[in-house]
Q: 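Pasting a structure here, questions to come.
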Amino acid sequence: MAKLVYIDACVRENDSRTRRIAEPIIKALGERYEISTFRLPEMNLEPLSPAAYAERAVKIVPEWAAEAARTIAEADRIVIAAPFWDMSFPSVLKVFFEQTSLFGITFDSDDKACYGLCKCKKVLYITTRGMDIPTGDPREQGTPYIKALSTLWNLGELETIAATNMDYSTPEEIEAKVSGCIAEGLEIARDF
Ligand SMILES: Cc1cc2nc3c(=O)[nH]c(=O)nc-3n(C[C@H](O)[C@H](O)[C@H](O)COP(=O)(O)O)c2cc1C
């Protein structure tokens, strides 16, 4: 069975509208993929400290990070669920990328440039935004960041599903947006 990595950065956990959109899409993808889930809010992630940085320089990395990086490198598809925070995504996701961006696992370099070691062909990024900011707007820095990381790690094409203006919508409008994004995601999941 092909492999899919699901990265859940929904800090509001079961209150998260982003997670509500992602879960049925992941369930549908589970019929065709073996899924490895990383629930970042439960992982007590910490940014690279001076001590950890010094260890990395002599090729010592935490075993969980090497293992997560290997799982990512071997995945055929990646799904990221992350709310829109401070014009991009929660820092726990950046910390996860920082910890798993490892020479010799997710990427490498020769004497000229860096190149990705991942085999993933498609990434699906699911988000909800409080303000009325569409994907591709210069104020939206989640999609461009993940696209850039995709070029470093070799993750293939990125598709973003986004519900917007969530903090200025009625409960009925929010429900309609969540349902619309689930339908969009299930459609994408058919040939993802
Ligand atoms: C800490 C924090 C930071 C946020 N920053 C932004 C922001 O910069 N721009 C924006 O449009 N909405 C922002 N929001 C609103 C969220 O994007 C919005 O409520 C989203 O639907 C939350 O997703 P969730 O229900 O999955 O947690 C922020 C919310 C929180 C809690």
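Here, residue 1 is the first one in the sequence, and each next residue gets the next number. Just follow the structure's listing: the first ligand is 1, and inside any ligand the first atom is 1.
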Q: Could you tell me if the ring centre of Y145 sits under 6.0 Å from that of F89?
A: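 Yes - the distance between ring centres of Y145 and F89 falls below the 6.0 Å cut-off.
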Q: Considering only protein heavy atoms, which is closest to atom 21 (O) of ligand 1, and at what distance to one decimal place?
A: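 That would be T128 OG1, 2.7 Å.
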Q: If every non-hydrogen atom of T135 is compared with every non-hydrogen atom of A162, which pair is closest and at what distance?
A: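 Looks like OG1-CB, 3.7 Å.
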Q: Taking the six-membered ring where the residue is Trp, are the ring centres of F38 and F96 under 6.0 Å apart?
A: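 Ring centres of F96 and F38 closer than 6.0 Å.
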Q: Taking heavy atoms and a distance under 4.0 Å, where does M166 meet ligand 1: side chain, backbone, both or neither?
A: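 Within the 4.0 Å criterion, M166 contacts ligand 1 through side-chain atoms alone.
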Q: Say whether R17, considering both its backbone and side-chain N or O atoms, lies within less than 3.5 Å of an N or O atom on ligand 1.
A: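 Yes - when backbone and side-chain N and O of R17 are compared with those of ligand 1, one distance drops under 3.5 Å.
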Q: For the pair I7 and L40, evaluate side-chain contact (heavy atoms from CB on, under 4.5 Å) and give the outcome as yes or no after the intermediate values.
A: CA-CA 7 Å; I7 302 169; L40 308 192; 3.7 Å; yes
Q: Show which atoms of ligand 1 fall inside a sub-4.0 Å distance from at least one heavy-atom site of R12.
A: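 This gives 24 (P), 25 (O), 27 (O) as the contact atoms.
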Q: May I ask you to check whether M87 has an N/O atom sitting below 3.5 Å from an N/O atom of ligand 1?
A: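 Yes, at least one N or O pair falls under 3.5 Å.
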Q: Would S36 and K3 count as a side-chain contact (heavy atoms from CB on, under 4.5 Å) if you check the C-alpha gap in whole Å, the side-chain angles of each, and the deciding distance to 0.1 Å?
A: CA-CA 8 Å; S36 302; K3 294 177 177 167; over 6 Å; no
Q: Does any N/O atom on D86 come nearer than 3.5 Å to any N/O atom on ligand 1?
A: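 Between D86 and ligand 1 (N or O atoms, distance only) the closest approach is under 3.5 Å.
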Q: Is any NZ, NE, NH1 or NH2 atom of the basic residue among D110 and K112 found under 4.0 Å from an Asp or Glu carboxylate oxygen of the other?
A: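 The answer is no: the pair does not qualify as a salt bridge.
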Q: Do any N/O atoms on F84 end up under 3.5 angstrom from N/O atoms on ligand 1?
A: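 Yes; at least one N/O pair falls below 3.5 Å.
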Q: How long is the gap from OG1 on T143 to CG on L158, to the nearest 0.5 Å?
A: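 Rounded to the nearest 0.5 Å, the OG1-CG separation comes to 6.0 Å.
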Q: Closest non-hydrogen protein atom to atom 31 (C) of ligand 1, residue and atom name please, with distance?
A: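 Result: W85 NE1, 3.6 Å.
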Q: Suppose I only count heavy atoms of P83 and a 4.0 Å limit; which atoms of ligand 1 are within that range?
A: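 Counting atoms of ligand 1 from 1, those under 4.0 Å from P83 are 22 (C), 23 (O), 24 (P), 26 (O), 27 (O).
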Q: What are the atoms of ligand 1, with element, lying closer than 4.0 Å to any heavy atom of R129?
A: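 In order of numbering, the contacting atoms are 17 (O).
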Q: Flag D167 as yes when one of its N or O atoms lies below 3.5 Å from any N or O atom of ligand 1, and as no otherwise.
A: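 Yes: some nitrogen or oxygen of D167 is under 3.5 Å from one in ligand 1.
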Q: Taking all atoms of both residues into account, what is the closest heavy-atom pair of W64 and Q99, and its distance?
A: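 Looking at all heavy atoms of both residues, the shortest contact is CH2-CB, 3.7 Å.
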Q: Let me see the working for E173 and Y168 under side-chain hydrogen bond (donor to acceptor under 3.5 Å, both in side chains), right down to the final yes or no.
A: CA-CA 9 Å; E173 287 167 340; Y168 306 96; over 6 Å; no
Q: With heavy atoms of T18 as the reference, note each atom of ligand 1 found under 4.0 Å away.
A: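 Those of ligand 1 that fall under 4.0 Å from T18 are 23 (O), 24 (P), 26 (O).
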Q: Under 3.5 Å between any N/O of M131 and any N/O of ligand 1: does that happen in this structure?
A: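 Yes: some nitrogen or oxygen of M131 is under 3.5 Å from one in ligand 1.
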Q: Backbone or side chain, does any N or O of G130 fall under 3.5 Å from an N or O of ligand 1?
A: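 Yes; at least one N/O pair falls below 3.5 Å.
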